[in-house]
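Inspection log for the structure reproduced underneath, given as structure tokens.
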Amino acid sequence: MLSLDGWTVFFTIVNVLVLFIGLKVFLFKPVLNIIRQREEMIGQQFAEAAKKEQDAQQMKEEYQEKLKEAGRKAEEIVAGAKERAAEEERLAAARSQEEAARMIARAKEEIRVEQEQAKKEVQADVALLAIEAARKIIKTGEVHEAAGN
């Protein structure tokens, strides 16, 4: 049967203690160190991920602000272009009116010159007709005087 001897129990307890100390020193401590290192590494990765997420959020906000600024600049450019177009249209209308006024003035001047020229021609024609009429009157007067003498 089973007998319990004091030395057997003592050596069994000593063997268990030596085995426990050996396992603790050679197995549990390295495993716990590896687990602790992994926990630290995971914590660092979480911290890095949180920092990257924060950086990404900040970059997103900056990007959105830049988009808003670009939109404002585009609106300013469009407004400026509209103003320039309106000014250009106004200037073109003014130039057209000035050109029309010059053309009208030129046409009036040409009409005045042509009227003066026509007057001179009519006066010359009237003078020639008057001279011709005077010659005829003088000839007919001479004919009547010669007939009356």
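The chain is numbered in sequence order, starting from 1. Values reported hereafter were calculated over all heavy atoms of this structure, with side chains retained and with hydrogens, waters and symmetry mates removed.
Ion pair Glu65/Arg72 flagged as a salt bridge, since at least one NZ, NE, NH1 or NH2 atom sits closer than 4.0 Å to an Asp/Glu carboxylate oxygen. Looking at Glu53 and Lys60, no side-chain N of the basic residue comes within less than 4.0 Å of a carboxylate O on the acidic one, giving no salt bridge. Glu109 has no carboxylate O lying under 4.0 Å from a charged side-chain N of Arg102, or vice versa, which leaves the two without a salt bridge. Glu69 and Lys66 are not joined by a salt bridge, as no carboxylate oxygen comes within less than 4.0 angstrom of a charged side-chain nitrogen.
Shortest non-hydrogen contact noted between Thr8 and Thr12 is O-OG1, 2.5 Å.
Val9 and Leu17 end up in the same hydrophobic cluster when Ile, Leu, Val, Met, Phe, Trp and Tyr side chains are linked at under 4.5 Å. Using a 4.5 Å cut-off between side-chain heavy atoms of Ile, Leu, Val, Met, Phe, Trp and Tyr, with links allowed through other members, Trp7 and Val18 fall into the same hydrophobic cluster. Residue Val31 is grouped with residue Leu23 when hydrophobic side chains (ILVMFWY) are merged at heavy-atom distances under 4.5 angstrom, including chains of intermediate members. Connection of Leu27 to Leu19 is established within a shared hydrophobic cluster, with ILVMFWY side chains joined at heavy-atom distances below 4.5 Å, either directly or through further cluster members. Put simply, Phe26 and Val16 are part of two different groups of oily side chains (I, L, V, M, F, W, Y) that touch within less than 4.5 Å, one to the next.
If you run salt bridge (charged side-chain N to carboxylate O under 4.0 Å, His left out) between Arg112 and each of Glu110, Glu116, Glu114, only Glu116 comes through.
Here CG of Leu129 is found 8.0 Å from CD of Glu132. Values are rounded to the nearest 0.5 Å. The distance from the CZ atom of Phe28 to the CD1 atom of Ile21 is 12.5 Å, given to the nearest 0.5 Å. Atom CD of Gln54 and atom CE of Met59 lie 13.0 Å apart (nearest 0.5 Å). Considering CZ of Arg38 and CD of Gln45, their distance stands at 10.5 Å, rounded to 0.5 Å. Note that the CD atom of Glu99 and the CD1 atom of Ile104 stand 10.5 Å from one another [nearest 0.5 Å].
A 6.0 Å sphere centred on CE of Met103 holds no more than 12 heavy atoms belonging to other residues, nucleotides or ligands.
Two residues are said to be in side-chain contact when any heavy atoms from C-beta on lie closer than 4.5 Å; Arg84 and Glu87 fail this criterion. Glu75 places none of its side-chain heavy atoms less than 4.5 Å from the side chain of Val78.
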